[in-house]
Amino acid sequence: MQWVRARRCGAPRPGQASMTGLLIDGVLREAADGRTFPNINPATGQSIGVAPDAGRVDVAAAITAARDAFDRTAWSRDHEFRAHCLRQL
């Protein structure tokens, strides 16, 4: 999987195919150890794709990125932007 710089909120645009990956520090990436698991449609039981299976290294990277974003960017102070991102979920 190619690493892709995500849009600021990470949400796909309408009509755009969404990519699967771990969104860590604004980048969609595979799990560090390359593990994946099937994404199963609960209505049909069929696999609709695969998703990266995050491990300890991925979790540590996500925590570090989140702490950095909170401490060094306006994320912790820009309530309007955070609300905007949450509404896109």
Side-chain angles (χ1 to χ4, degrees):
M1 174 181 192
Q2 179 182 3
W3 289 22
V4 176
R5 192 79 180 153
R7 290 181 48 223
R8 191 165 180 214
C9 290
R13 293 186 176 112
Q16 178 186 25
S18 62
M19 294 186 65
T20 60
L22 302 171
L23 182 60
I24 300 174
D25 201 17
V27 177
L28 282 171
R29 57 174 121 185
E30 295 178 346
D33 61 9
R35 291 183 348 171
T36 61
F37 64 92
N39 185 355
I40 305 297
N41 179 338
T44 65
Q46 295 180 341
S47 176
I48 57 174
V50 295
D53 191 3
R56 289 178 188 253
V57 171
D58 305 304
V59 172
I63 291 169
T64 298
R67 181 81 258 175
D68 187 54
F70 192 82
D71 292 340
R72 298 176 191 228
T73 70
W75 179 255
S76 63
R77 298 177 304 279
D78 190 345
H79 306 289
E80 184 176 318
F81 177 66
R82 283 201 329 263
H84 167 76
C85 288
L86 290 172
R87 285 187 200 104
Q88 292 184 43
L89 296 176

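Quick note: numbers below take in every heavy atom, side chains included, and nothing from hydrogens, waters or symmetry partners.
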* Asked: Nearest 0.5 Å, what's the CD1-CZ distance between Ile63 and Arg67?
  -> 11.0 Å

* Please report the closest heavy-atom contact between Val57 and Ala32, naming both atoms and the distance. => CG1-CB, 3.8 Å

* **Asp68 side, atom CG; Asp25 side, atom CG - distance, nearest 0.5 Å** => 7.0 Å

* Of the non-hydrogen atoms in Ala69 and Trp75, which two are nearest, and what is the gap between them? -> O-CB, 3.8 Å

* To do: Ignoring hydrogens and angles, state whether a donor on the side chain of Glu80 or His84 is under 3.5 Å from an acceptor on the partner side chain.
  => no

* Asked: Is there a donor-acceptor pair under 3.5 Å between the side chain of Arg29 and the backbone N or O of Gly21?
  -> no

* Structure fact -> Minimal heavy-atom distance between Arg82 and Arg77, with the atoms involved, is NH1-N, 4.1 Å

* If you measure from CG on Asp53 to CG on Asp58, what distance do you get to the nearest 0.5 Å? -> 8.5 Å

* **Nearest heavy atoms of Gly49 and Ser47, plus distance in Å** => O-OG, 3.3 Å

